[in-house]
Asker: 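Got a structure for you, written out below as structure tokens; questions coming shortly.
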Amino acid sequence: MIKKVGVIGSGTMGSGIAQVAATAGNEVQLYDLSSEALQKSRDSLNKILDRLIEKGRIDNAEKNRIQNNITYISNLNDLADCDLTIEAIVEDLDIKKNLFKELESLLSLKAIIATNTSSLSVASIAGALTDPSRCIGIHFFNPAPLMKLVEVIPAVQTSEQTLKTTVDTIASWGKTVAVTKDTPGFIVNRVARPFYGEALRIYDEGIADVATIDWAMKTVGGFRMGPFELMDFIGNDVNYTVTESVFHAFYCDPRYKPSFTQKRLSEAGYLGRKSGRGYYNYGEGADNPEPVEDTTLAQAIVDRVLVMLINEAADALFWKIASAKDIDNAMTKGVNYPKGLLAWADEKGIDWCVSKLDGLYEEYHEDRYRCSPLLRRMQRENKTFY
Ligand code: NAI
């Protein structure tokens, strides 16, 4: 039974995770190296809770309860009696490993030691521990209090008991858990790659401009944000780095090949909203292009991006990265897709998926467009995902 939770790193993710655990009634110890980061986290939670009061979602007593559940600490030893610690510090393997060694020396033997890493392997971090069976990945999405999905990643060393306790705890915090294999990008950051990559490819080939692609994906595809708007929102530097890291982690599989367009924007400092300029210009009164509202073109754009997303989801299932249900939940609850991709494949028809992918492969003869063996097998056996 998890009661006391330690969160290490009080930045964007750590602050959100601490809020989630405290709201669920856990006592939380929130640690950071930097006292400014702790103060910022405390101030930002205060503002978030005040906004929730204004909206009538919580009352003053609830605000006090959540705040009183969090203790901001500057001494790592104060984590000693935690049942679970979740690390959300800088994304650097050596620094994380050193922290994990230190944690192991001060926590009880039964405590679970988790990481919120998005790009490192959980096995490599667990390798720092004498008893790696109690290490696991717990990957939240930003903003952690709002996003329903949490990916739980057992490493090869993780025990069944650690996995079970973690899944039960995170589910009891009101989150949707998707258990995933310890492979690059886990579910969401792997399966979502074509949303950006294929949109960039369509743009780079000159098939449509960014405004038209975004318009197509929203109005015809039903996505909440277009790929370019979303990249500008995430930050082109951040999004490019994730793509590049997934690409290298998959031994340069061309399916994940990054785009020079995004690299150049990132190099130029056109990072998106945060720098005032990305694919779009966010300056006051800036002139941005209007979409070409051609529904035939829009349908072709959506079909191409969608079939590449479906292929990625089917391949993740083929390689047993997660169950069909968890893959679909991950995309609807982690990145707000309008439908699960495997359910969407059923709706479009497996024949449609295979023939679209084969059409792209015929045209380009690139490995990027190879159809997942699972889709081909399902077509042969006349099967659906659900
Ligand atoms: P951040 O930069 O906002 O916060 C990191 C915090 O860790 C800072 O307050 C820093 O002072 C502190 N810190 C750095 N080294 C430390 C150490 N050795 N001991 C204690 N505190 C230390 O970073 P963010 O975005 O919150 O990311 C944290 C982790 O979560 C990373 O591993 C990242 O890959 C992962 N992640 C990030 C997501 C995002 O959207 N930002 C989403 C999911 C995971």
Side-chain angles (χ1 to χ4, degrees), residues 6-21 28-45 70 72-79 82 85-106 113-122 124-126 128 135-153 170 175 178 180 182 184-190 192 196 230-246 249 271-274 330 333-336:
V7 178
I8 303 124
S10 68
T12 311
M13 295 309 293
S15 299
I17 296 166
Q19 185 189 334
V20 171
V28 179
Q29 305 282 101
L30 179 53
Y31 169 82
D32 202 289
L33 271 183
S34 137
S35 51
E36 289 100 78
L38 284 174
Q39 189 55 44
K40 205 172 147 207
S41 173
R42 191 199 294 266
D43 293 345
S44 107
L45 179 64
I70 305 181
Y72 296 82
I73 58 168
S74 303
N75 184 346
L76 205 63
N77 291 322
D78 292 344
L79 295 170
C82 287
T85 60
I86 305 176
E87 164 276 313
I89 66 167
V90 58
E91 189 77 336
D92 178 299
L93 181 58
D94 288 335
I95 299 180
K96 287 195 198 277
K97 281 174 112 169
N98 282 336
L99 170 73
F100 274 54
K101 277 191 201 128
E102 223 179 313
L103 286 173
E104 187 170 41
S105 71
L106 59 93
I113 309 181
T115 174
N116 184 51
T117 184
S118 33
S119 66
L120 301 167
S121 86
V122 181
S124 65
I125 300 171
C135 183
I136 195 159
I138 306 183
H139 186 225
F140 284 82
F141 290 79
N142 186 18
L146 296 183
M147 301 306 286
K148 273 266 163 205
L149 181 75
V150 176
E151 292 176 332
V152 169
I153 310 110
I170 302 299
K175 296 294 182 188
T180 162
D182 187 14
F186 310 131
I187 305 174
V188 170
N189 281 336
R190 170 194 188 130
Y196 317 106
L230 187 52
M231 286 185 272
D232 271 357
F233 183 75
I234 295 168
N236 279 304
D237 50 343
V238 173
N239 190 260
Y240 178 80
T241 306
V242 176
T243 305
E244 201 184 35
S245 112
V246 170
L271 308 181
R273 279 183 182 276
K274 64 185 172 189
K333 306 226 159 89
V335 271
N336 291 325

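Heads up: numbering here begins at 1 and tracks the sequence. Counting starts at 1 for both ligands and their atoms, following the listed order.
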Asker: I need the nearest protein heavy-atom contact for atom 4 (O) of ligand 1: residue, atom name and distance, please.
Answerer: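 Looking only at protein heavy atoms, the one closest to atom 4 (O) of ligand 1 is Gly11 CA, 3.2 Å.
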Asker: I need the atoms of ligand 1 closer than 4.0 Å to a non-hydrogen atom of Lys96, numbered in the order shown.
Answerer: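 Those atoms are 31 (C), 32 (O).
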Asker: Would you say Thr12 and ligand 1 have an N/O pair spaced under 3.5 Å apart?
Answerer: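 N/O-N/O distance under 3.5 Å: yes.
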Asker: With heavy-atom distances below 4.5 Å as the criterion, would you say the side chains of Thr115 and Ile138 are in contact?
Answerer: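 When only atoms from C-beta onward are counted, Ile138 and Thr115 do not touch, as no gap falls below 4.5 Å.
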Asker: Under 4.0 Å, heavy-atom basis, I'd like to know which part of Ala37 is in contact with ligand 1: side chain, backbone, both or neither.
Answerer: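 For Ala37, the contact with ligand 1 is made by the side chain alone.
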Asker: Look at atom 29 (C) of ligand 1 and say which protein heavy atom is nearest, naming residue and atom and giving the distance to 0.1 Å.
Answerer: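 I find the closest protein heavy atom is Ile89 O, 3.3 Å.
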Asker: Hey, which of Glu151, His139, Arg190 is the one that makes side chain to side chain contact (heavy atoms under 4.5 Å, CB included) with Thr180?
Answerer: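 Filter result, single survivor: Glu151.
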Asker: Do any nitrogen or oxygen atoms of Asp32 lie less than 3.5 angstrom from nitrogen or oxygen atoms of ligand 1?
Answerer: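 So ligand 1 has an N or O lying under 3.5 Å from an N or O of Asp32.
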Asker: Examine distances only and state if a side-chain atom of Asp182 and a backbone atom of Val122 form a donor-acceptor pair shorter than 3.5 Å.
Answerer: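 Yes, because the side chain of Asp182 sits within donor-acceptor range (under 3.5 Å) of the backbone of Val122.
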Asker: At what distance is the nearest protein heavy atom to atom 37 (C) of ligand 1, and which residue and atom is it?
Answerer: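 Answer for atom 37 (C) of ligand 1: Met13 CG, 3.4 Å.
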Asker: Are Asp232 and Asn236 close enough that a side-chain donor and a side-chain acceptor fall under 3.5 Å?
Answerer: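 On atom types as modelled, these side chains qualify, holding a pair under 3.5 Å.
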Asker: Could you say whether the N/O atoms of Ile8 and ligand 1 ever approach to under 3.5 Å?
Answerer: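 No.
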Asker: Answer yes if a protein heavy atom lies under 4.0 Å from atom 2 (O) of ligand 1, otherwise answer no.
Answerer: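 It does not: no protein heavy atom is found less than 4.0 Å away from atom 2 (O) of ligand 1.
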Asker: What atoms in ligand 1 come closer than 4.0 Å to a heavy atom of His139?
Answerer: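 Listed by number with element: 43 (C), 44 (C).
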Asker: Counting non-hydrogen protein atoms only, what is the nearest one to atom 5 (C) of ligand 1? Give residue, atom name and distance.
Answerer: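 Here the nearest protein heavy atom works out to Ala88 O, 3.7 Å.
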Asker: Measuring only between side-chain heavy atoms, which start at C-beta, is Lys274 closer than 4.5 Å to Val238?
Answerer: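 In short, these two side chains touch, coming nearer than 4.5 Å.
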Asker: For Gly9, counting its heavy atoms only, list the atoms of ligand 1 lying under 4.0 Å from any of them.
Answerer: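 So the atoms of ligand 1 that pass are 7 (O).
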Asker: Check for me whether Lys40 has a heavy atom closer than 4.0 Å to any atom of ligand 1.
Answerer: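 Outside the 4.0 Å threshold, so no.
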Asker: Taking the side chain as everything from C-beta on, heavy atoms only, tell me whether Asp78 gets closer than 4.5 Å to Tyr31.
Answerer: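 No. Closest side-chain heavy atoms not under 4.5 Å.
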Asker: Against Glu91, only a single residue in Thr241, Asn116, Thr117 fulfils side-chain hydrogen bond (donor to acceptor under 3.5 Å, both in side chains); can you say which?
Answerer: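 Filter result, single survivor: Thr117.
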Asker: Answer yes or no: is there a side-chain heavy-atom contact under 4.5 Å between Ser15 and Leu45?
Answerer: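 Result no, sub-4.5 Å side-chain heavy-atom pair not found.
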Asker: What residues, two or more places apart in sequence or in another chain, satisfy salt bridge (charged side-chain N to carboxylate O under 4.0 Å, His left out) together with Lys148?
Answerer: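 Counting only residues at least two positions away or on another chain, Lys148 forms no salt bridge (charged side-chain N to carboxylate O under 4.0 Å, His left out).
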Asker: Check whether any heavy atom of Leu99 sits under 4.0 Å from an atom of ligand 1.
Answerer: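 The answer is no: ligand 1 sits nowhere under 4.0 Å from a heavy atom of Leu99.
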Asker: Of all the heavy atoms in Phe141, does at least one lie under 4.0 Å from an atom in ligand 1?
Answerer: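 Heavy atoms of Phe141 never come under 4.0 Å of ligand 1.
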Asker: Which residue holds the protein heavy atom closest to atom 19 (N) of ligand 1, what is that atom called, and what is the gap in Å?
Answerer: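 The closest one turns out to be Leu33 CG, 3.5 Å.
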Asker: Nearest to atom 15 (N) of ligand 1, what protein heavy atom do you find, and at what distance?
Answerer: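 The answer is Val90 CG1, 3.7 Å.
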Asker: Do Arg42's NZ or CZ and the ring of Tyr72 fall within the cation-pi criteria of under 6.0 Å and 45°?
Answerer: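 Checked: cation-pi criterion met.
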Asker: Does the side chain of Ile89 reach to within under 4.5 Å of the side chain of Leu33, using non-hydrogen atoms?
Answerer: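 Answer no - side chains too far apart.
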Asker: At under 4.0 Å between heavy atoms, is it the side chain or the backbone of Asn142 that contacts ligand 1, or both, or neither?
Answerer: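 Just the side chain.
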Asker: Short list, please: which atoms of ligand 1 are under 4.0 Å from a heavy atom of Glu91?
Answerer: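 With Glu91 as reference, the close atoms of ligand 1 come out as 31 (C), 32 (O), 33 (C), 34 (O).
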Asker: Write out the residue and atom name of the closest protein heavy atom to atom 30 (O) of ligand 1, then the distance separating them to 0.1 Å.
Answerer: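 Result for atom 30 (O) of ligand 1: Asn116 ND2, 3.0 Å.
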Asker: Between Lys333 and Lys175, is there a donor-acceptor pair closer than 3.5 Å when you use the side chain of the first and the backbone of the second?
Answerer: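 Such a contact is absent between Lys333 side chain and Lys175 backbone.
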Asker: Using the rule given for side chain to side chain contact (heavy atoms under 4.5 Å, CB included), can you reason through Ser74 versus Leu38, listing the C-alpha separation, both sets of side-chain angles and the distance that settles it, and then say yes or no?
Answerer: CA-CA 8 Å; Ser74 303; Leu38 284 174; 3.7 Å; yes
Asker: For Ser118 and ligand 1, does the shortest N/O to N/O distance drop below 3.5 Å?
Answerer: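 Yes: some nitrogen or oxygen of Ser118 is under 3.5 Å from one in ligand 1.
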Asker: Apply salt bridge (Lys or Arg N to Asp or Glu O under 4.0 Å) to Lys40 and Asp32, showing your working.
Answerer: CA-CA 11 Å; Lys40 205 172 147 207; Asp32 202 289; over 6 Å; no
Asker: Heavy-atom contacts with Phe140 under 4.0 Å: which atoms of ligand 1 show up? List them by number with element.
Answerer: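 Listed by number with element: 42 (C), 43 (C).
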Asker: Give the numbers and elements of all ligand 1 atoms closer than 4.0 Å to a heavy atom of Ile95.
Answerer: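 Ligand 1 atoms under the 4.0 Å threshold to Ile95: 18 (N).
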Asker: Can you check atom 32 (O) of ligand 1: any protein non-hydrogen atom closer than 4.0 Å?
Answerer: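 Answer yes: something from the protein, a heavy atom, is under 4.0 Å.
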